[in-house]
Amino acid sequence: MRSLVLIRVAVPVPLFGDFDYLPPPGMDPQAVAVGARVRVPFGRTAQVGLVLDNAVEDSEVPQEKLRPIAEVLDAEPLFSAEDIAFLRWVADYYHHPLGEALLHALPTVLRKGQPLLPAQRQGWRPTANGRGAEPQELSRAPKQRRLLAWLQQRPEGIETAELGYELGPCRDQLKALEARGWVEPCVPPARPGERQLQPAPALNPAQHQAVVAIRETLGGFAPFLLDGITGSGKTEVYLQAIETALEQGRQVLVLVPEIGLTPQLQRRFKRRVREPMAILHSGLADGERLRAWQQVRSGEARLLLGTRSALFTPLPELGLIIVDEEHDLSFKQQDGLRYSARDLAVALAQRRGCPVALGSATPSLESLHNAQQGRYRHLILPERAGGAQSPPISLLDMRALRLDEGLAPALLQGVRATLDAGEQVLLFLNRRGYAPLLACHDCGWVADCDHCDARMTLHQASRVLWCHHCGARRPLPERCPQCNSGSLRALGQGTERLEGVLRRAFPEAPLVRIDRDSTRRKGELELRLNEIRAGRYPLLIGTQMLAKGHHFPDVTLAGILNADNGLFGADYRAMERLAQLIIQVAGRAGRAEKPGRVVIQTYHPDHPLLRLLIGQGYAAFAKEALRERQEARLPPFGYQALLRADARKPEAMQAFLDQAAEAARRRVGDAPVEVLGPIPAPMEKRIGRFHGHLLLQAESRPLLQQVLREWVRSLPPGRGGALRWSLDVDPQELF
Ligand code: ADP
Ligand code: ZN
Ligand code: ZN
């Protein structure tokens with residue numbers, strides 16, 4: 001008798017293990033392609049899963065319990081065996097169920113089981129009315145006006161993606177123009193093949209060396225750390241290495257942090273790369289995302305520029321990976337499958353046998369350590385490409401100063417002098433809202449959140465108290481809720497308050513504030529950034545939204561107002577982050593003709609690492625910071641995994657973690673793996689739930705992995721609302 005052949009399927013459920021099914025009635029199992037999607041019954045639900053194996057003969061499931069696959073969704077596999085093997089490795093490394101990892105890697109539309117039709121080109125064109133419309137009528141809507149004028153030049157229509165490269169995100173404007181009957185969706189003609197490309201500049205010697213080094217390794221695995229100050233021409237190095245890879249018929253993957261994915265960068269690539277390019281980021285509509293995914297998978301698109309999840313797109317001819325701003329925290333996914341796209345980029349390059357270049361002006365200590373150990377080749381670009389100097393950085397001692405609402409008089413004078421000279425000022429304060437604290441001067445009452453161990457932030461413009469952790473809001477009280485006194489005081493400084501101070505001090509200077517509150521509406525951030533570049537605002541203030549990835553060449557004075565948060569943060573990485581921030585802010589300021597300077601307000605001007613950073617630069621700082629990490633046996637000299645748990649009742653969280661800790665200790669035995677905790681999270685109560693965690697730490701990664709493998713699978717599954725837990729391998733934040 002022929003033995004029964006089964007099909008093994010990965011199902012996106014929070015359970016470890018693969019699941020076996022009978023082939024659909026009357027269907028040969030061989031006809032169900034490995035890597036194709038299937039619809040399967042699972043418990044009382046139906047799920048879209050992915051076929052892992054179509055010739056399984058040794059199932060552990062008793063025959064009478066086997067159920068057939070309900071529907072085969074793809075005739076062709078979506079993932080190659082190579083892709084599946086990589087994702088299996090990823091799921092294994094992060095101790096995450098394979099089904100969730102695999103389905104996570106698909107565009108939403110496919111995850112939901114919709115058919116993979118060849119995606120049509122989608123685009124827009126002016127309607128018959130729109131062709132003759134007077135853009136003047138849109139004088140109150142400048143973005144719409146610009147868009148319409150632009151489309152009127154292209155009556156045959158243009159692809160939506162192409163519009164994005166040229167004008168930035170403009171979905172809202174398209175919808176508005178469509179509502180007026182002036183534009184309509186269409187299938188645009190295929191792109192004109194010959195575009196006018198920009199010539200590449202002649203490389204300086206350091207750039208040349210870097211490009212040659214990367215080029216020479218095409219065709220084999222080689223990791224590089226491209227360590228070059230802001231403006232030293234890293235992007236130029238990427239572009240020229242990419243050009244060679246494309247000429248050799250390879251596909252290229254470029255990963256960037258979310259905020260860096262500005263239309264500027266897209267445009268820069270577009271003007272330099274002839275081959276078809278696809279873009280993947282969170283701002284895309286599902287259809288656009290699917291089309292980009294398909295273009296890459298089919299090999300039609302040769303270059304993929306995207307944010308972290310773009311890493312999971314099947315690239316059949318992958319030949320080079322670039323990770324720009326590799327130190328950026330946004331490469332780490334902070335929920336679900338908690339992967340580091342930076343780390344996985346290196347793992348992927350290794351599996352696929354191609355070079356990978358990690359670039360940054362402020363490399364992570366992990367990557368620097370890898371370079372020092374000889375695991376990565378260290379390429380250094382020591383000078384700004386255009387010949388500009390890095391701006392000097394100075395510390396402003398805040399001790400014994402009488403503060404005019406958070407700004408030192410010396411800094412205020414600096415602002416005035418810069419404005420008088422007709423130049424731009426950037427002030428950076430990483431705290432939105434008006435003030436982080438509202439307190440009663442008479443009885444000491446402070447406005448706390450009911451759901452979190454946190455203070456509520458005062459937002460003056462919208463007259464609310466707002467918890468930045470759970471989002472709870474309540475109206476601003478007129479009087480103290482405890483003693484009814486009228487003397488409520490706003491303590492501390494947020495961007496909203498800073499804006500007020502500066503508007504009063506410099507009433508004649510146009511000012512723009514960039515934070516999540518001021519850029520809530522879609523497209524607003526882009527609009528403001530464009531206005532800034534056009535020189536509309538001499539005074540810029542903002543949170544870290546403004547510090548990352550944007551170039552402001554006319555800024556000649558940059559101030560960092562609350563640096564001290566980074567010096568004594570609960571997290572051992574806080575100082576590394578602060579150093580990166582300072583250097584990044586410094587890197588955005590000034591250019592050849594107009595050198596800039598950076599001022600940091602601090603109450604701890606003697607902090608040794610801070611002094612080292614200011615005096616000798618990031619490399620010297622990093623060397624010392626690495627020495628401290630080594631002494632403390634912290635990453636990258638040790639490996640960590642964090643088990644987080646939360647529950648509505650603190651006892652439930654505590655009991656789970658106690659039990660998990662005991663199980664971990666039993667499993668570890670005498671092996672050199674530390675089990676630290678459990679301890680309550682730094683903010684134990686958050687969004688009405690109690691949080692705690694348990695840290696495992698070891699000097700050997702394989703040993704830690706070995707402990708995790710068995711241990712995690714032995715933990716009871718989270719019980720929905722009552723208890724939730726998650727494992728974070730190589731956590732970037734310890735809360
Ligand atoms: P990074 O990515 O390191 O910040 P970029 O590649 O963006 O640096 O270069 C900064 C500026 O210098 C850009 O305007 C770029 O066009 C210019 N640039 C880069 N390399 C050269 C070069 N070799 N010659 C002239 N200009 C260059
Ligand atoms: Zn009071
Ligand atoms: Zn709260």
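These numbers come from the heavy atoms of this one structure, side chains and all, not from hydrogens, waters or symmetry mates. In this chain, residues are counted from 1 in sequence order. Both ligands and their constituent atoms are indexed starting at 1 by order of listing.
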Self-check item: With the Zn ion (ligand 2) as the apex, the SG/SG angle for Cys443 and Cys440 - to 10°
Solution: 110°
Quiz item: Looking at ligand 1, does Leu239 have a heavy atom less than 4.0 Å from it?
Solution: no
Self-check item: Contact (N/O only, under 3.5 Å) between Ala202 and ligand 1
Solution: yes
Exercise. Tell me, please: is Gly231 in heavy-atom contact with ligand 1, that is, under 4.0 Å?
Key: yes
Practice problem: May I ask you to identify, for Ile229, whether its side chain, its backbone, both or neither come under 4.0 Å of ligand 1 on a heavy-atom basis? | Solution: backbone
Quiz item: Do any of the N, O or S atoms of Cys449 sit under 2.8 Å from the Zn ion (ligand 3)?
Solution: yes
Self-check item: Distance-only N or O hit between ligand 1 and Pro201, under 3.5 Å
Solution: no
Quiz item: Is the closest N or O pair between Glu236 and ligand 1 shorter than 3.5 Å?
Solution: yes
Quiz item: Side chains of His459 and Asp517: closer than 4.5 Å at any heavy-atom pair?
Solution: yes
Quiz item: How does Asn204 reach ligand 1, if at all, at less than 4.0 Å between non-hydrogen atoms: by side chain, backbone, both, or neither?
Solution: backbone
Self-check item: N/O/S atom of His469 inside 2.8 Å of the Zn ion (ligand 3), strictly under
Solution: no
Quiz item: In Å, rounded to the nearest 0.5 Å, how long is the span from OG of Ser394 to CZ of Arg597?
Solution: 6.5 Å
Exercise. Using a strict 4.0 Å threshold on nitrogen-to-oxygen distance, state whether Asp453 and Arg686 make a salt bridge.
Key: no
Quiz item: Would Glu326 and Ser367 count as having a side-chain donor-acceptor pair, cut-off 3.5 Å?
Solution: yes
Quiz item: Can a cation-pi geometry be assigned to Arg432 and Trp466, taking NZ or CZ under 6.0 Å from the six-membered ring centre and within 45° of the ring axis?
Solution: yes
Self-check item: Proximal candidate to atom 5 (P) of ligand 1 [heavy atom criterion; set Gln198, Arg268, Arg272, Glu325]
Solution: Arg268
Practice problem: Answer yes or no: is there a side-chain heavy-atom contact under 4.5 Å between Gln732 and Leu329? | Solution: yes
Self-check item: Atoms in ligand 1 with a heavy atom of Gly233 nearer than 4.0 Å
Solution: 1 (P), 3 (O), 5 (P), 6 (O), 8 (O), 9 (O), 19 (C)
Quiz prompt | Opening angle at the Zn ion (ligand 3) [SG, Cys470; SG, Cys467; to 10 degrees] | solution = 110°
Self-check item: Ion pair check, Lys332 and Asp728, cut-off under 4.0 Å
Solution: yes
Quiz item: Roughly how far apart are Arg497 CZ and Thr495 OG1, rounded to 0.5 Å?
Solution: 12.0 Å
Quiz prompt | Metal proximity, Cys480 vs the Zn ion (ligand 2), N/O/S cut-off 2.8 Å | solution = yes
Quiz item: Taking C-beta and beyond as the side chain, do Leu305 and Leu253 meet within less than 4.5 Å on heavy atoms?
Solution: no
Quiz prompt | Electrostatic pair Glu325:Lys234 at N-O distance under 4.0 angstrom | solution = no
Quiz item: Looking at Ser232, which atoms of ligand 1 are within less than 4.0 Å of one of its heavy atoms?
Solution: 3 (O), 8 (O)
